[in-house]
Amino acid sequence: MLEAFWLGCPSSMASSTQGSSGPSAKHTSVAFLKTHKTASSTVQNILFRFAERNNLTVALPITTCDHQFCYPRPFSAHFVHPHTTPPDIITNHLRFSRAELRRLMPNNTSYITILREPGAMFESLFTYYNQYCLSFKRVPNGSLETFLDNPWSYYRPEEKDSMYARNTLTFDLGGDKDRPFSEALVYAKRFAAELERVFSLVMIAEYFDESLVLLRRLLSWDLDDVLYVSLNMRTPDSKSSLSSENKAKIRAWNTIDSVLYDYFNASLWRQLRELGLSCVEREVQLLRKSRDRLVRRCFGGHLPPLRSAAQIANKELRPWQPSSKVAIVGYDLPVNMTPKGHLPPPDECLKMIMPEVQYTRLLLRSESLRYRKRFPLQSSQQTSRTVGQVRAHKESPALSLNPQPSETMSRSTKGALRLSQ
């Protein structure tokens with residue numbers, strides 16, 4: 001069925017490498033810029049599982065950076081654990097630096113990221129980080145409406161974690177989140193054009209499955225390579241509905257993010273129309289049916305029930321809870337899940353629903369073991385040398401469009417605080 005699909009639908013971005021006989025060899029060099037609160041944890045899980053199935057190396061952070069590449073500092077190749085080099089894929093949170101990633105990744109690397117509608121994203125950021133981002137924490141009664149009425153009463157650009165309170169996408173992408181309002185529109189358009197030259201695909205969270213159609217074709221992957229279940233979700237009662245007035249205020253406060261979203265949302269739909277919307281819809285339906293079949297094989301018909309962290313018995317499946325004011329749910333794996341017939345291996349099913357921190361830790365263990373077997377005398381020396389380099393590393397601007405100094409991360413907030421989507 002899938003072969004017929006390839007023959008019946010035109011290729012889009014992969015046209016130069018796609019022949020009439022079917023998809024070309026899979027592209028395995030991928031840098032995914034994992035943005036915050038954009039469904040990026042789900043994309044990361046897809047990439048983690050693809051890497052394991054194809055025996056690829058995933059760049060992972062050194063232990064002093066925890067599970068992120070010392071975010072919010074601009075990315076440096078020194079932040080990469082030496083046992084995970086040279087990498088094929090990089091996908092953990094980092095602040096984008098094209099120069100540093102080009103030093104690390106193969107020349108044929110495809111750069112990908114994902115954006116989300118600014119209103120929904122900012123509401124999620126405000127709820128998720130309200131106990132850690134001081135710009136949010138000082139707001140009376142934790143009210144988003146109060147913050148939006150006069151954000152400058154609470155926002156301090158120089159504070160730790162201020163990147164969660166304004167133009168977070170811009171910051172993650174290496175840009176200047178605090179460009180003066182009078183310059184913001186011109187800057188945002190120029191920044192968007194620069195990003196478009198770097199990134200082969202900018203996914204849109206609101207059109208996640210359609211974005212996966214383009215991702216699969218860009219990388220010449222099989223449909224099975226992009227199957228997923230959603231991760232790092234909030235309970236419905238943790239979400240606030242936004243009035244049209246508050247959505248407008250959010251867009252005005254996050255002007256640069258709003259321009260980026262509109263620019264790349266339009267770009268996404270141009271690519272989808274070039275492919276053919278009816279063709280895209282057929283592949284989306286095929287993807288969803290294939291995902292449902294995988295869920296049935298893995299979990300006996302339905303996804304495991306969503307539970308709060310305290311209710312999940314398997315600690316490897318417990319998502320981090322940012323505060324008592326927001327509940328992040330995970331999957332409670334059935335105790336009677338056993339392989340039979342053509343079921344995927346149990347660990348593959350487990351990894352589909354494994355949170356970011358646990359999966360990162362698991363990959364680092366397996367890649368370190370592989371490295372030590374290959375280079376038994378070098379591993380301990382290289383690890384200590386790299387940690388020393390990070391301590392001595394001086395930060396530098398991430399992109400030419402970014403004039404602001406980088407922000408540093410307090411050790412007291414190290415760890416689970418940074419787990420986000």
Side-chain angles (χ1 to χ4, degrees), residues 28-32 34 40-71 75-94 104-105 225 228-229 231-232 298 309 312-320 330-333 337 339 344-391 409 411 414-421:
T28 57
S29 299
V30 181
F32 176 63
K34 188 176 188 293
S40 63
S41 290
T42 302
V43 181
Q44 180 190 54
N45 185 272
I46 290 172
L47 292 168
F48 276 171
R49 288 183 288 118
F50 179 84
E52 286 201 284
R53 284 193 303 272
N54 292 277
N55 198 33
L56 304 176
T57 299
V58 180
L60 297 170
I62 58 171
T63 53
T64 52
C65 288
D66 200 69
H67 70 284
Q68 302 185 353
F69 289 103
C70 288
Y71 184 90
F75 176 74
S76 165
H78 296 311
F79 299 160
V80 179
H81 198 292
H83 294 179
T84 66
T85 60
D88 301 291
I89 290 174
I90 188 167
T91 178
N92 288 59
H93 275 302
L94 57 86
L104 176 72
M105 301 299 294
D225 292 324
Y228 70 93
V229 297
L231 297 173
N232 204 28
C298 267
I312 297 175
N314 187 341
K315 65 181 182 180
E316 293 302 312
L317 299 179
R318 293 176 191 161
W320 176 67
Y331 296 98
D332 192 12
L333 197 67
M337 189 190 81
D347 65 334
E348 183 173 340
C349 298
L350 180 75
K351 289 168 183 174
M352 279 183 67
I353 58 176
M354 184 175 287
E356 170 187 3
V357 173
Q358 291 93 322
Y359 208 156
T360 297
R361 192 180 303 129
L362 182 71
L363 281 175
L364 182 57
R365 284 198 297 267
S366 64
E367 292 191 24
S368 290
L369 180 61
R370 183 171 62 189
Y371 183 91
R372 289 187 179 107
K373 288 180 178 179
R374 292 174 59 195
F375 309 107
L377 298 179
Q378 298 180 21
S379 58
S380 60
Q381 297 174 349
Q382 193 170 18
T383 299
S384 60
R385 183 169 64 249
T386 301
V387 171
Q389 289 173 332
V390 170
R391 288 173 179 162
M409 179 176 66
R411 287 300 299 268
K414 173 176 158 301
L417 170 59
R418 299 297 185 195
L419 173 58
S420 63
Q421 159 175 300

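- Distance alone, capped at 3.5 Å, places no donor-acceptor pair between the Asn54 side chain and the Leu56 backbone.
- Tyr331 is linked by a ring-ring contact (aromatic ring centres under 6.0 Å, His included) to nothing, counting only residues two or more places apart in sequence or in another chain.
- Counting heavy atoms from C-beta outward, Pro319 and Glu356 have side chains that stay 4.5 Å or more apart.
- Shown here are the ring-ring contact (aromatic ring centres under 6.0 Å, His included) partners of Phe32, two or more places apart in sequence or in another chain: there are none.
- One distance of note links CG of Leu350 with CD of Glu316; it measures 7.5 Å at 0.5 Å rounding.
- Checked against side chain to side chain contact (heavy atoms under 4.5 Å, CB included), Arg53 has the following partners two or more places apart in sequence or in another chain: Arg49, Phe50, Asp225, Glu348.
- Here OG of Ser368 is found 5.0 Å from CZ of Arg372. Values are rounded to the nearest 0.5 Å.
- At least one side-chain heavy atom of Phe48 sits less than 4.5 Å from a side-chain heavy atom of Thr360.
- The aromatic rings of His83 and Tyr371 lie parallel to each other, their planes meeting at an angle below 30°, with 60° marking the opposite boundary.
- Rounded to the nearest 0.5 angstrom, Gln44 CD and Leu47 CG are separated by 8.0 Å.
- At a threshold of 4.5 Å between non-hydrogen side-chain atoms, the residues Asn92 and Pro61 count as touching.
- Remark: Thr84 pairs with no residue by the side-chain hydrogen bond (donor to acceptor under 3.5 Å, both in side chains) rule, at least two apart or across chains.
- Here Thr28 pairs with nothing under the side-chain hydrogen bond (donor to acceptor under 3.5 Å, both in side chains) rule; sequence neighbours left out.
- The side-chain hydrogen bond (donor to acceptor under 3.5 Å, both in side chains) test applied to Glu52 returns Lys351, Tyr359, not counting sequence neighbours.
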